[in-house]
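Worksheet: one structure, shown below.
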Amino acid sequence: MTQRAGLASVAAVDGSGRAQFWRGFAAVVPLWAGTIPIGVAYGVAARGAGLQSAEAQLMSIIVFSAAAQVSAISLLTSSASLPVLLATVLGLNLQLLLVGLAAGRDLRALSVWRRLGLAVVLTDGAYGVSVARGLTSPAGLFGAGSSMFVGWNAGTALGVLAGQAMPDARGLGLDVVVPLTFLAVLVPLVRSRPRLVVVAVAAACMLLLQRVLPVGVAVLVSAGLASLAGARLAGE
Amino acid sequence: VSELATVLAMGGMAYALRAGGLLAGSRDLALPAQVQRGLRHVPLAVLTALIVSSLSAGPADLLPARLLASGVASLVIWRTRRMWLCIVVGLAAYNLLRLV
């Protein structure tokens, strides 16, 4: 807590917002090694699912969330309804709300308009990196978020182009890109026993429920049950 | 609902979450610890459910190949933490297994 207050005051004294922005931007560039390939995978999958190139790119600009976008692709191909799709986006991005709450506490002095601007590029990855590097000023966080945004959209553009160049995606086994992309995001997150339990419960529920419920609804119910299990376990 | 409308609605939802947190964060709004713990697990749980559904969705005769390829890819990401390597190796394994 004291460290956080210290960082905030340092940022307030150091008025050079532009330098902070570029330090934040540079701090996230190494993460592009993970961001761009996932962006490419998403772009290819989006084209494979029949989404227009412009729609696939627009999604990367305004949704800006790997998990939500790849899940949207997989749910669109199984023709899930809009409310179910939105609920999935909500479920996958709840951490953004928590990150926003944490960042918002650091940035008390920031005006409402600047908060709304910062929100465009806010991600948990960018927040994590900027806190780790001591760049909790608005400009530093904005730079980190912008960097992630650039990497993600560049990856998407490459993927969309690659998807256009490949006429028949099915022959290349690209149906497996969606689960692989999820796995690449999921596996590094499983770092503790409660998290392993969440994964096990969610998988077991999904295996049962997807036989009797529409896919999207089954995803939401399974995720809800597994999260409850995780919360109870961590509380002990 | 058109695809464009779907994309716009998703964007609105994502932005509302980002902006909502940033705006509310200026006040001291503390969620109960139990709720926070539950929320923290939601993305992990949703991802898991989506992996199960997307693995089940492809051609049924290739399910064993998809599972094996996913297993190999999981090992790769677990050991190397390289996302691109996970996807490339998984895709290569799947295509090899399909030929067998």
Side-chain angles (χ1 to χ4, degrees), chain A residues 34 37-38 41 51 55 58-59 62-63 65 67 71-72 74 78 82 86 89-97 100-101 103-105 108 115-116 118-119 122 173 175-176 178-180 182-189 195 198-199 202-203 206-207 210 215 219 222-223 226-227 230-231 234-235, chain B residues 1 3-11 13-15 17-26 28-29 33-59 66 69-70 73-74 77-78 81-84 86-87 90-91 94-95 98:
Chain A
I38 302 274
L51 218 61
E55 290 168 347
L58 179 67
M59 210 198 278
I62 65 175
V63 179
S65 154
S71 69
S74 106
S78 60
L82 184 61
L86 289 181
V89 173
L90 182 69
L92 279 168
N93 284 308
L94 277 174
Q95 82 276 15
L96 287 178
L97 191 65
L101 283 170
R105 230 165 301 179
R108 256 175 230 280
R115 278 167 202 267
L116 290 176
L118 180 59
L122 181 72
D175 51 311
V176 84
V178 168
L180 288 178
F182 286 139
L183 276 172
V185 178
L186 174 109
V187 172
L189 293 176
R195 297 196 148 209
V198 169
V199 169
M206 191 62 197
L207 279 171
Q210 69 178 358
V215 171
V219 167
S222 304
S227 308
Chain B
V1 188
E3 281 166 1
L4 182 62
T6 305
V7 173
L8 291 175
M10 284 177 62
M13 170 71 82
Y15 185 74
L17 283 172
R18 296 187 160 100
L22 275 176
L23 291 176
S26 58
D28 269 318
L29 182 111
Q34 182 86 359
V35 175
Q36 279 202 21
R37 272 198 295 273
L39 289 182
R40 206 165 294 154
H41 291 302
V42 170
L44 192 68
V46 175
L47 275 174
T48 307
L50 284 167
I51 289 172
V52 172
S53 84
S54 58
L55 282 175
S56 316
R66 280 198 297 281
S70 303
S74 302
I77 184 72
W78 185 48
R81 296 287 145 108
R82 282 175 216 272
M83 288 178 169
W84 64 270
C86 165
I87 294 172
L91 193 56
Y94 181 53
N95 278 300
R98 282 196 317 160

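Order of the sequence lines sets the chain letters (A, B, ...), proteins ahead of strands, with each chain counted from 1.
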For the candidates A/Ala67, A/Ser222, A/Ser65, A/Ala202, which exhibits the highest count of non-hydrogen atom pairs separated by less than 4.5 Å from chain B? A/Ala202
Output for pair (B/Met13 CE, A/Ile62 CD1), nearest 0.5 Å, gives 12.5 Å
Which of the residues A/Ser71, A/Ala103, A/Pro37, A/Ala184 is involved in the greatest number of heavy-atom pairs with chain B at under 4.5 angstrom? A/Ala184
Which residue is it: B/Ile51, B/Val46, B/Leu50? I am looking for the one with a side-chain contact (heavy atoms from CB on, under 4.5 Å) to A/Leu186. B/Ile51
Does any part of the side chain of A/Leu116, heavy atoms only, come nearer than 4.5 Å to the side chain of B/Leu23, both counted from C-beta? yes
Mind checking the OG1-CZ spacing from B/Thr48 to A/Arg195? Nearest 0.5 Å is all I need. 10.5 Å
Locate the shortest heavy-atom distance separating A/Met206 from B/Ser53; write the atom from each residue and the value. CE-CB, 3.5 Å
What are the two closest heavy atoms between A/Leu82 and B/Ala9, and how far apart are they? CD1-CB, 4.4 Å
Winner by heavy-atom pair count (cut-off under 4.5 Å) against chain B, out of A/Ala72, A/Gly91, A/Ala41, A/Ser74: A/Gly91
Using 0.5 Å steps for rounding, measure from the CG atom of A/Leu90 to the CG atom of B/Leu17. 5.5 Å
Closest non-hydrogen atom pair between A/Ala223 and B/Ala45, with its separation: O-CB, 3.5 Å
A/Leu118 side, atom CG; B/Leu22 side, atom CG - distance, nearest 0.5 Å: 5.0 Å
Measuring only between side-chain heavy atoms, which start at C-beta, is A/Leu183 closer than 4.5 Å to B/Ser70? yes
Look up atom CD1 in B/Ile87 and atom CD1 in A/Ile38, then write down how far apart they are to the nearest 0.5 Å. 4.0 Å
Any side-chain heavy-atom pair from A/Leu58 and B/Leu8 closer than 4.5 angstrom? yes
Pick whichever of A/Leu86, A/Leu51, A/Asn93, A/Leu94 has the most heavy-atom pairs under 4.5 Å with chain B. A/Leu86
Nearest-0.5 Å distance that lies between atom OH in B/Tyr15 and atom CG in A/Leu122: 10.5 Å
Contact part of A/Glu55 toward chain B, heavy-atom cut-off under 4.5 Å: side chain, backbone, both or neither? both
Name the option with the most non-hydrogen atom pairs under 4.5 Å to chain A; the candidates are B/Ala14, B/Ser56, B/Gly11. B/Gly11
